[in-house]
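Since the structure comes first, as structure tokens, the remarks are kept for the end.
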Amino acid sequence: MSSKNDGLPRRDFLKGAVWALPATATAACGGGGGVGGAEEPTATEAPTGGPPAGVALWGQDLGLGEMYEGAGDETEVELYIRKCADHGVSRVFAPGASAELVQAGAARNVEVHPYKAVASAGGIRMYPAWSSNFMVPRFGSAEGRAILNAHRPIWSHPQRIESLSDFVRDNPRHRHRNRERTDELKPYERVFLSPGLPEGRAEEARAFAALLARSGGRGIQAEFVSINEDGNGVTTDGYEDSIAGAFREATGRNPFDLPNDDQDWVQFRADRWTEMVRAIRDAVKAERADAVFTITVINRDADGYMPRMQDWAAWVEQGLSDEMHLWFRSTTDLPTIERHCRHFVDTVAGRVPTMAEFSCYHPGSLQDQTAILEAARIARGAGMDGLGIYRSHAVEQLGFWPILEAMTRL
């Protein structure tokens with residue numbers, strides 16, 4: 001079955017420059033030094049087909065922190081990219097993806113792709129005070145690392161930090177709304193740009209295209225983050241006039257009289273998000289026709305995506321993504337990982353490459369070396385084409401660079 005990647009069959013797509021990058025790998029996943037003590041890396045040939053040559057790493061941009069202080073004439077960005085290349089990373093995803101990061105990556109055959117959370121326009125973050133704020137010595141020092149590894153951080157008195165994008169603040173009719181349709185933000189609530197009006201979709205598409213143009217990256221990723229949802233896992237938003245009114249006109253039914261999980265009402269709202277994805281993809285391809293447009297969704301059971309407005313099976317069917325990534329953000333249960341990967345692979349059905357993205361950063365994520373490598377083996381066994389880890393400063397602090405190398409051998 002052929003993919004939607006400008007007419008290229010999936011196997012030929014996997015042979016292309018996107019995946020077939022020189023990679024370094026070690027015997028980190030068995031024999032030799034083992035995961036905790038990798039041998040010196042040896043160069044390997046780029047593959048002529050099949051799975052990706054390297055692995056992906058989600059990371060930061062400039063200002064990488066104490067652990068990436070450059071040496072001599074080497075900048076922090078160059079040091080970071082060198083570590084990536086030395087451990088089999090063929091692709092870096094970064095939220096800003098500055099031109100400096102892109103250029104440093106190109107010098108070492110590491111692709112850099114910016115990424116952006118789709119339609120995320122602010123909200124209320126609650127930032128508690130942490131005992132770690134009183135850390136002595138410095139976080140990046142060996143002594144500081146040892147103290148943190150042995151200490152359970154204690155939090156207190158969360159502080160309310162409110163943010164809202166300029167576009168949504170200046171154009172409140174483009175904001176996603178719940179049933180109450182109030183402007184008052186609640187703690188931990190997020191604000192999203194509504195996909196209900198063409199002007200809003202165009203603004204989000206413009207933002208993606210501008211990020212790609214500014215960075216000069218090889219591609220760009222649309223990330224679907226956690227949303228506002230009710231106790232049944234159904235989004236509580238979509239009640240703004242541009243969507244609720246359109247549903248009432250199309251069906252003769254008032255969504256305010258329906259349960260939030262009414263099947264037709266859920267599908268109608270999800271279709272608006274499909275329109276948003278199409279607008280973003282079209283803008284990205286207009287900016288750079290050969291840009292790799294990837295989409296990431298957080299893992300769910302098979303019936304858990306649509307209530308969250310992520311009809312990604314339709315996105316694949318309609319050719320709206322060049323790759324689909326499944327993000328295990330706070331999942332450690334291996335049978336769940338296998339089940340979700342198999343559903344993902346079966347649904348994509350070979351039309352585009354797939355990737356399993358494992359977090360070792362978020363609370364509740366995979367921070368055990370043996371477990372994350374086993375999860376990677378399970379994902380590959382379930383048919384996922386590629387593997388990656390979120391995110392780079394967690395990889396650094398947990399000593400997971402050999403895990404990336406080991407993943408290149410799976």
Side-chain angles (χ1 to χ4, degrees), residues 56-59 93-95 113 115-121 123 125 176 188-193 195 204 208 220-238 261 266 269-270 273-274 276-277 280 293-316 320-321 323-348 352-367 371-372 375-376 378-379 382-391 394:
L57 178 62
W58 280 255
F93 293 91
H113 298 220
Y115 72 87
K116 180 183 180 303
V118 176
S120 181
R125 296 270 189 174
H176 231 6
Y188 303 103
E189 188 176 51
R190 305 184 71 143
V191 176
F192 291 91
L193 175 64
E204 189 67 3
F208 270 87
I220 193 167
Q221 179 163 94
E223 178 186 81
F224 280 82
V225 295
S226 300
I227 61 170
N228 305 316
E229 58 187 65
D230 62 22
N232 297 319
V234 183
T235 183
T236 54
D237 292 327
D261 61 355
V266 167
R269 286 179 286 172
W273 282 101
T274 296
M276 175 81 86
V277 171
I280 294 170
F293 180 56
T294 63
I295 296 177
T296 287
V297 295
I298 298 173
N299 71 296
R300 304 287 183 186
D301 282 321
D303 60 356
Y305 296 99
M306 275 292 297
R308 295 170 175 85
M309 309 297 108
Q310 297 170 16
D311 192 4
W312 60 263
W315 306 342
V316 173
L320 301 183
S321 180
E323 293 177 26
M324 289 298 304
H325 294 189
L326 185 59
W327 185 13
F328 293 95
R329 187 176 182 272
S330 54
T331 307
T332 58
D333 183 67
L334 297 181
T336 296
I337 290 171
E338 180 173 18
R339 184 175 71 254
H340 290 181
C341 283
R342 290 195 182 280
H343 167 254
F344 202 73
V345 169
D346 290 346
T347 303
V348 171
V352 294
T354 58
M355 180 177 289
E357 173 187 351
F358 298 106
S359 177
C360 62
Y361 170 79
H362 296 91
S365 63
L366 287 155
Q367 292 194 326
I372 196 169
I378 286 171
M384 300 294 282
D385 295 305
L387 301 168
I389 293 183
Y390 184 102
R391 62 201 281 201

Check for a donor-acceptor pair, side chain of Ser321 on one end and backbone N or O of Val316 on the other, with a separation under 3.5 Å. no
Taking all atoms of both residues into account, what is the closest heavy-atom pair of His343 and Trp312, and its distance? CE1-CZ2, 3.8 Å
Please identify each residue that fulfils side-chain contact (heavy atoms from CB on, under 4.5 Å) with Asp303, with sequence neighbours left out. Asp301
Could you state the interatomic distance from OG1 (Thr296) to CZ (Phe224), rounded to the nearest 0.5 Å? 10.0 Å
Checking Asp237 against His176: is there a side-chain donor and acceptor pair closer than 3.5 Å? no
From the options Asp311, Val118, Thr235, select the one residue that forms a side chain to side chain contact (heavy atoms under 4.5 Å, CB included) with Trp273. Val118
Will you find, in the side chains of Gln221 and Trp58, an N or O donor that is under 3.5 Å from an N or O acceptor? yes
Non-hydrogen atoms of Cys341 and Ala379 that approach each other most closely: SG-CB, 3.8 Å
When you look at CZ of Arg339, are more than 12 heavy atoms from neighbouring residues, nucleotides or ligands closer to it than 6.0 Å? yes
Taking every heavy atom of Thr336 against every heavy atom of Thr331, the minimum-distance pair comes out as CG2-CG2, 4.2 Å
How long is the span from the NE2 atom in His362 to the CD atom in Gln367, to the nearest 0.5 Å? 11.0 Å
Of all the heavy-atom pairs spanning Phe192 and Ser226, show the shortest one and how long it is. CZ-O, 3.6 Å
side-chain contact (heavy atoms from CB on, under 4.5 Å) against Arg342, all qualifying residues, sequence neighbours excluded: Glu338, Ala382
Hey, what's the ring geometry for Phe328 with His340, parallel, tilted or perpendicular (30° and 60° as the breaks)? parallel
Where Met306 and Ala270 come nearest, the two heavy atoms and their spacing: CE-CB, 3.8 Å
Counting only heavy atoms not in Tyr361 (residues, nucleotides, ligands), do more than 12 fall under 6.0 Å from its OH? no
Considering all heavy atoms, the nearest Ile372-Leu366 contact: CD1-O, 3.8 Å
Say you draw a straight line from CG of Leu334 to OG1 of Thr332; how long is it, rounded to the nearest 0.5 Å? 7.5 Å
Looking at CE of Met384 and CD1 of Ile378, how far apart are the two atoms once the value is rounded to the nearest 0.5 Å? 12.5 Å
Between Thr347 and Met324, is a side chain to side chain contact (heavy atoms under 4.5 Å, CB included) present by the stated rule, with each step listed? CA-CA 11 Å; Thr347 303; Met324 289 298 304; over 6 Å; no
Ring centers of Tyr390, His325 separated by less than 6.0 Å: no
Can you find a pair of side-chain heavy atoms, one from Phe93 and one from Glu223, that are under 4.5 Å apart? no
When rounded to the nearest 0.5 angstrom, what is the spacing between CD1 in Ile280 and CZ in Phe293? 5.5 Å
Validation row: Asp261, Asp230 side chains within 4.5 angstrom (heavy atoms): no
Inter-residue atom distance Ile298.CD1 - Gln310.CD, 0.5 Å rounding: 7.0 Å
What I'd like to find out is whether the side chain of Pro307 reaches to under 4.5 Å of the side chain of Arg300, using heavy atoms alone. no
Give the C-alpha distance, both sets of side-chain angles, the deciding distance and a yes or no for side chain to side chain contact (heavy atoms under 4.5 Å, CB included) between Asn299 and Phe344. CA-CA 9 Å; Asn299 71 296; Phe344 202 73; over 6 Å; no
